[in-house]
2 protein chains.
Amino acid sequence: MKSEILKYLSKYTVITKELEIAISESTLFKSFKKGSILLKEGGISNECYFILKGAIRTYFLKDGDEKTMEFYTEEQPVVPANYGTSKPSEYYIECLEDTIVSVGNPQLEKETFQKYPQLESLSRLIAETIIIKQQESFTQFKTSTPEERYLNILKTRPNLLQIAPQHQLASYLGIKPESLSRIRKRLMDRK
Amino acid sequence: MKSEILKYLSKYTVITKELEIAISESTLFKSFKKGSILLKEGGISNECYFILKGAIRTYFLKDGDEKTMEFYTEEQPVVPANYGTSKPSEYYIECLEDTIVSVGNPQLEKETFQKYPQLESLSRLIAETIIIKQQESFTQFKTSTPEERYLNILKTRPNLLQIAPQHQLASYLGIKPESLSRIRKRLMDRK
DNA sequence: GTGATTACTTAACCAAAGTCAATGCAATTG
DNA sequence: CAATTGCATTGACTTTGGTTAAGTAATCAC
């Protein structure tokens, strides 16, 4: 289990014995059934997650529809926007499948960073990398049509099509379910 | 000049005497004329910036058009995606006005973090905050129409209309210049 | 298993953005 | 000062997504 976390971290740094210990000391697991809500809109969050198995979706309600913000799958961190603050959440966090996560909290984080400062450096590095990746996604989204976005998902995260229903995908692509249906049809016909 | 940086940091932490010293030790200024290119597509970057005065735009070329990724104004950090790596940049960084920046580089950063570890904690905190803000912008973009996006800019960053020509704004909003022109007309007519 | 709910598709119609081309306007340049 | 260039606007036309509504398929609950 822990090995998933180390595998993830190894993309950013060399895994030392000390790091292994640090991780094993600060790791707590939880598992959730498909459909579990980890955080509700308006709720307060004291936890962040790292997905070991399963999938998570964040969404909120607008104009009576669910708007899917992001899908998270194995080896991805999920940190609520209000994590560590006392502000109510703007969105829901939900398990799309039976899911096992490693759980963090601000206390534990603080202690761990104090004990293993390299872990904080690593966190900074990861955060900066995430910023860059987000920028790329945003730019990609802005400069492409819904059809291109759908094709992009097909190519880069085909598993999403298995785990998420189309109307969730649609809102993730910034369109209505009917439009996604049409786009799929257009693509079929064109073949 | 340095006070702008401290003002920015004070949003995230308490400014101690030590922090002030750390900043003054690690601060180098540069100024650029309007239109200066700080980084070209394909170029390597060893610098990151903090804008003290002026404005910066990042963009790249696609389908023969400039696609504006972001506008940065006073008190904002600008970090090229390839900063500190040897990968060529995917985009241009350009000054929209005469601009004065504080400049950082990986060496300096490393030394400073070593000497003042609290600065690295602060960087992590800031990076995490930026991630959250980016997520919010992305979500806002996805769930709104071009017209709503334009109105949002009008409300949240009205100064952009002064410093950037409309075709740059249009690509920033993910639409064609003609469409932005029509949106503006529609809004005028409606009043 | 059956009925009810939810998800997906299809169609007709509308509104808005894309495309292409032309025009006007202002700033810049030779 | 005339010519050029770049930008914004406008118009005609096309394409595509949103909206509404209906029908079909799939899933869930009892």
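Chain A is the first sequence line, chain B the second, and so forth, proteins listed ahead of strands; every chain is numbered from 1.
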Worksheet item: Is it true that A:E120 and A:R124 have a side-chain N and a carboxylate O under 4.0 angstrom from each other?
Response: no
Practice prompt. Inspect the contact between B:D98 and B:K33 and indicate whether a charged nitrogen and a carboxylate oxygen are less than 4.0 angstrom apart.
Written response: yes
Value in whole Å for how far the [atom2] atom of [N] lies from [atom1] of [X]:
| X | N | atom1 | atom2 | value |
| --- | --- | --- | --- | --- |
| B:E147 | D:dG18 | CD | P | 15 Å |
| A:L187 | C:dC8 | CG | C1' | 16 Å |
| A:R182 | C:dT9 | CZ | C1' | 11 Å |
| B:K62 | C:dG18 | NZ | P | 13 Å |
| A:R149 | D:dT16 | CZ | C1' | 12 Å |
| A:I175 | C:dA16 | CD1 | C1' | 16 Å |
| A:M188 | C:dT9 | CE | P | 10 Å |
| B:I183 | D:dA8 | CD1 | P | 14 Å |

Discussion item. Side chains of A:E90 and B:Q135, heavy atoms from C-beta outward: is any pair under 4.5 Å?
Written reply: no
Discussion item. Categorize B:P177 for me: base, sugar-phosphate, or nothing, with a 4.0 angstrom heavy-atom threshold over every strand shown.
Written reply: nothing
Would you indicate, yes or no, if [N] has its OP1 or OP2 atom less than 4.0 angstrom from a side-chain nitrogen or oxygen of [X]?
| X | N | value |
| --- | --- | --- |
| B:H167 | D:dA8 | yes |
| B:Q166 | D:dT9 | yes |
| A:K176 | C:dA7 | no |
| A:S181 | C:dT9 | yes |

Worksheet item: So does B:R186 reach the base of D:dT10 with its side chain, donor to acceptor, closer than 3.5 Å?
Response: no
Item to complete: Can you figure out which of D:dG18, C:dT19, C:dA7 approaches the side chain of B:E178 most closely?
Response: C:dT19
Worksheet item: Quick one: is the NZ or CZ of A:K11 closer than 6.0 Å to the six-membered ring centre of A:Y8, and within 45° of its axis?
Response: no
Worksheet entry | Closest contact, heavy atoms only, B:C95 versus B:F32 | SG-CB, 3.7 Å
